[in-house]
Amino acid sequence: MLDSYISKNLKDGETVLRIVKQFPFMVAFRLSLLGIVLLLDFFFLTFFIQRGTWGFLLFCLVLLAVIFFSWRQWYMWSMNVLLITNQRIVDIDQRGFFDRTVSETTYRRIQDVSYSSSGIFATLFHYGRIVIQTAGTQTRIELAYIKNPEHVQDLITHLQDESALTDRAKSQPEEGNHAQEI
C-alpha cells in the first residue's frame with residue numbers, strides 16, 4: 001500500500017534512500033493495551049453467554065472493536081513515514097483513515113535539522129523526535145518516536161551538504177560563461 005503511494009509520487013530520477021517510521025515499540029505498547037481488553041473480553045465470556053443474545057452481541061462488539069482498533073494502529077504506523085530521497089524530504093502524516101497530510105521540502109530549503117531524545121525509555125531504546133525547519137515558512141517537518149534519530153539527522157545534513165555542492169558546481173560554469181560573454 002505504502003510502496004504504491006511512494007512510487008506513484010516520485011519525480012523523474014528520484015530514488016528513495018531511506019524510509020523512516022516510528023519505533024515499533026510505541027505501536028506495540030498501544031496494541032498491548034488492546035490485547036488486555038481482548039483478554040478481559042474472553043475472561044468474561046461465560047458472563048456474556050449467561051446474559052443470552054445481548055451478552056453474546058456485546059462480546060462480539062468488543063471483539064470487533066479490538067480487531068478494528070488494532071488494524072487502525074497498524075495502518076497508522078505503516079502510513080506515517082518520513083521519506084528521504086536523493087532530491088527532497090517527504091513527510092507523510094496519517095492521522096486517520098481519511099486524514100493525510102503530505103509535506104515536502106528540498107535540501108536547499110532546510111535551515112535546521114535537530115533531534116531530541118528525552119526520558120528513560122527513549123534513552124534505553126534509542127528513539128526520539130526529529131525536527132526539520134524549512135526556510136521562508138512556518139512549516140516544520142517532524143516525526144516522533146523514531147529509532148536512532150541522530151543517524152537520520154546525520155543523513156539529512158550529509159545530503160544537504162551534497163546538494164549545496166551540486167548547486168555550486170552547476171552554477172560555476174554558468175557564471176564563467178556569463179563573464180566571458182561580457
Side-chain angles (χ1 to χ4, degrees), residues 1-30 73-182:
M1 190 178 333
L2 180 64
D3 293 336
S4 66
Y5 181 79
I6 292 169
S7 61
K8 180 175 64 173
N9 292 305
L10 288 179
K11 296 179 179 179
D12 290 336
E14 187 174 29
T15 57
V16 176
L17 301 176
R18 187 159 179 198
I19 298 175
V20 181
K21 293 184 179 186
Q22 290 183 337
F23 187 43
F25 179 75
M26 302 313 293
V27 175
F29 176 73
R30 293 179 196 128
Q73 282 296 322
W74 173 83
Y75 178 77
M76 300 280 290
W77 174 78
S78 66
M79 294 298 288
N80 191 14
V81 297
L82 184 73
L83 298 174
I84 302 174
T85 72
N86 60 339
Q87 297 178 8
R88 63 190 171 140
I89 293 177
V90 181
D91 180 31
I92 303 171
D93 287 328
Q94 190 76 36
R95 295 187 181 103
F97 289 117
F98 306 107
D99 185 8
R100 178 184 297 157
T101 303
V102 179
S103 306
E104 69 176 68
T105 188
T106 58
Y107 292 109
R108 65 175 166 242
R109 291 184 49 100
I110 294 175
Q111 287 186 331
D112 183 46
V113 181
S114 60
Y115 76 91
S116 61
S117 180
S118 60
I120 190 165
F121 288 116
T123 305
L124 288 173
F125 294 111
H126 302 286
Y127 68 87
R129 172 184 306 269
I130 188 101
V131 178
I132 303 166
Q133 184 66 43
T134 59
T137 63
Q138 296 296 333
T139 303
R140 287 176 15 152
I141 295 176
E142 82 181 79
L143 186 62
Y145 308 117
I146 63 169
K147 185 80 171 156
N148 297 320
E150 63 277 3
H151 297 297
V152 176
Q153 180 194 31
D154 289 343
L155 177 62
I156 293 171
T157 54
H158 175 73
L159 291 169
Q160 187 180 16
D161 292 342
E162 281 183 2
S163 177
L165 289 173
T166 304
D167 288 345
R168 280 190 220 128
K170 287 180 182 177
S171 66
Q172 284 178 350
E174 292 174 10
E175 291 172 3
N177 291 339
H178 187 271
Q180 291 175 356
E181 291 175 6
I182 297 178

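Along the sequence shown, residues are numbered consecutively beginning with 1.
Using a 4.5 Å heavy-atom threshold, the side chains of Tyr107 and Asp161 count as separate. Within the 4.5 Å cutoff, the side chain of Leu143 has no heavy atoms near those of the Val152 side chain. In this structure the side chain of His151 reaches within 4.5 angstrom of the side chain of Arg18, judged on heavy atoms. Counting only heavy atoms from C-beta outward, the side chains of Lys21 and Ser78 approach each other to under 4.5 Å. Using a 4.5 Å heavy-atom threshold, the side chains of Leu17 and Leu159 count as touching. Side-chain contact between Ile92 and Asn80: absent, with no pair of heavy atoms (C-beta onward) separated by less than 4.5 Å.
Under the 3.5 Å distance criterion, the side-chain polar atoms of Gln153 are matched with a main-chain donor or acceptor of Val113. One N or O on the side chain of Asn86 and one on the backbone of Thr15 form a donor-acceptor pair closer than 3.5 Å. In this structure a side-chain-to-backbone donor-acceptor pair under 3.5 Å is present from Thr166 to Glu162. The main-chain N or O of Arg88 is never found under 3.5 Å from a side-chain atom of Glu104 such that the two would form a donor-acceptor pair. In this structure a side-chain-to-backbone donor-acceptor pair under 3.5 Å is present from Arg109 to Ala135.
Heavy-atom neighbours of Phe29 CZ from other residues, nucleotides or ligands within 6.0 Å: at or below the threshold of 12. More than 12 heavy atoms of other shown residues, nucleotides or ligands fall within 6.0 angstrom of atom OH in Tyr127. With a 6.0 Å radius and a threshold of 12 heavy atoms from other residues, nucleotides or ligands, Ile120 has its CD1 atom at or below the threshold.
Atom CD of Gln160 sits about 9.0 Å away from atom OG1 of Thr105, to the nearest 0.5 Å. Distance check, rounded to the nearest 0.5 Å: CD of Gln133 to OG of Ser114 gives 8.5 Å. Ile89 contributes atom CD1, which lies 6.5 Å from atom CD1 of Ile141 (distance to the nearest 0.5 angstrom). Atom CD1 in Ile130 sits 8.0 Å away from atom CG in Leu82 (nearest 0.5 Å). In this structure, CD1 in Ile156 is found 13.0 Å from OH in Tyr115, a value given to the nearest 0.5 Å. The structure places CZ of Arg140 at 12.0 Å from OG of Ser103, a figure rounded to the nearest 0.5 Å.
Nearest heavy atom pair, residue Val81 against residue Asp91, reads O-OD1, 3.4 Å. Taking all atoms of both residues into account, the shortest heavy-atom contact from Arg108 to Ser163 is N-OG, 4.4 Å. Across Val27 and Gln73, no two heavy atoms sit closer than the pair CG1-O, 4.4 Å. What you find for Pro149 and His126 is that their closest heavy atoms are CD-O, 4.0 Å.
Between Phe121 and Phe125, the ring planes are parallel. Angles under 30° get that label, and only those over 60° would be called perpendicular.
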